[in-house]
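All figures in this text were calculated on a predicted structure; none of them were measured in a lab. Note that these values count all heavy atoms, side chains included, but never hydrogens, waters or copies made by symmetry. A note on names: the letters A, B, ... follow the listed sequences, proteins ahead of strands, and every chain is numbered from 1.
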Number of protein chains: 2
Amino acid sequence: MKNSSAEIEQASTWPPAQNKRQAILNAAADIFAEQGYAGASIDAIAARAGVSRQTIYNQLGDKDNLFKVVVAEITDRSSAGFFRVLDTFPAAPEDLEKELTEFSTRLLRKAICDPNGRWLRKLVETEGARFPELFETWREYGPGKKYPAIAARLAQLAHAGYLELDDPALAARQFMALLATDLRIEQQLGRRTPDAEIDQMAANATRTFLRAFASRP
Amino acid sequence: MKNSSAEIEQASTWPPAQNKRQAILNAAADIFAEQGYAGASIDAIAARAGVSRQTIYNQLGDKDNLFKVVVAEITDRSSAGFFRVLDTFPAAPEDLEKELTEFSTRLLRKAICDPNGRWLRKLVETEGARFPELFETWREYGPGKKYPAIAARLAQLAHAGYLELDDPALAARQFMALLATDLRIEQQLGRRTPDAEIDQMAANATRTFLRAFASRP
DNA sequence: ATAATTTTGGACACAATTGTCCAATTCGTC
DNA sequence: GACGAATTGGACAATTGTGTCCAAAATTAT
């Protein structure tokens, strides 16, 4: 019973009840992502959370509601992580390629590799068709907020003369696509990608992106 | 009971038994992709195939085996479709951007949008962790064969002086990433993307790819 | 037409799961 | 240490799904 969510949990600085609630949410996120909605049994979640089944029903109601709460929770965390990284976007870089590559590395490491984002993507892919509202929620947070945020930063770089963009929104999607492509393949294995490879991916993506969009003197 | 697999079925030029078998396989592909392995019930598959449950057990054994056969079948079809399109890759184009864009359009339309590929990606994403051999099979056919094939064509273009590549394999992955990025978002909705949008995606991807890799005079 | 093969549909046993109830126990607080 | 609240674990009914069996019906080949 290796607990792959340990990284996310916060120590017991919360009211005791909230602590168990977090344990349940983390366990549920694991199991839902691994097994899908139908395949995830409440017993399995209870077992992984180290909690009795009844406690889950007490705190979170039925399976449907548990699922919704889990997704909402993870969406928040994932979004927060992303925007924390986005704040480090280089606004007036001296060495554009170097600083953008470093930003890409951070983005890959903290926002795309992190369990929250992975769970979310998988859950949306798996259960999106069956939970249309959830799909909408995710859409609002994911493509709806992240891409425009990236696009704004890129547009700013373009305005400052670093890039030549005619469609910042498109450039943002392409930037993210280049960044995530290799990871997508690796990730489905569940394999934890070594840092060196992540650096390489960030460098590859950034290099190609700049070959396409960097201003030429 | 709209049959979204009609496009794939072949008329009754087959031995009768094979015909029902195909119906089962198509229905199973639908249901597995929609509901995941755990959520897919044999009864639902039988109902959609217009066949009795017993017939499924007669022809294909238990659920596990049914799933494996479905994936193998779809993998074959998907792979065949891809390589059929790949044969139209422009080897000595007069207008590189134009011809590569047209190729991209074909690839998007016939190989990435098509139901086979979509089912496969979703099933692998959903159930890959629980069926390691299937994951390996897919990997062999997908990244294992398709990417090198694309890379070879790109390398050929580079050798002929059209492109400047130092890593054809990487360029192939990036080319595919640029192509698929917008589609991935649209597709999860199950929405059928209009042809005009597909053309646009192909043009956007190709344009950026060539901005990065086309030889400059 | 007749024989062989498949298909059908319904019944069945078995297992897993959901969600509820409740008495005993543990935990945090005062 | 004693009180109140939360947690536990086990039992429970109801539902759903798997996989098997079998006799009747339909389909296909001879």
Relative orientation of the end axes in the helix from C:dA1-D:dT30 to C:dC30-D:dG1, expressed as an angle to the nearest 10° (five pairs per end) = 40°
Separation of atom [atom1] in [X] from atom [atom2] in [N], rounded to whole Å:
X: A:Ile45; N: D:dT8; atom1: CD1; atom2: P; answer: 15 Å
X: B:Ile56; N: C:dT6; atom1: CD1; atom2: P; answer: 17 Å
X: A:Asn65; N: C:dT20; atom1: CG; atom2: P; answer: 12 Å
X: A:Arg21; N: D:dT7; atom1: CZ; atom2: P; answer: 11 Å

Contacts of type side chain to side chain contact (heavy atoms under 4.5 Å, CB included), residue [X], not counting sequence neighbours:
X: B:Ala80; result: B:Arg84
X: A:Pro132; result: none
X: A:Glu197; result: A:Glu186, A:Arg191, A:Thr193, A:Pro194, A:Met201
X: B:Pro148; result: none

Check ring pair (Phe, Tyr, Trp, His ring centres under 6.0 Å) between [X] and all other residues, then give those that pass, not counting sequence neighbours.
X: B:Phe131; value: B:Tyr37, B:Phe67
X: A:Phe89; value: A:Phe103
X: A:Phe209; value: A:Phe175, A:Phe213

Sugar-phosphate means primed atoms, P, OP1 and OP2; the rest is base. With that split, encode nucleotides 9-24 of chain D 5' to 3' as B, S or - using protein heavy atoms under 4.0 Å.
-> B-B------BBBBB--
Verify the contact: side-chain N or O of A:Lys20 to OP1 or OP2 of C:dT26, cut-off strictly under 4.0 Å; return yes or no.
-> no
A:Asn26 and A:Gln22 side chains, donor-acceptor separation under 3.5 Å | no
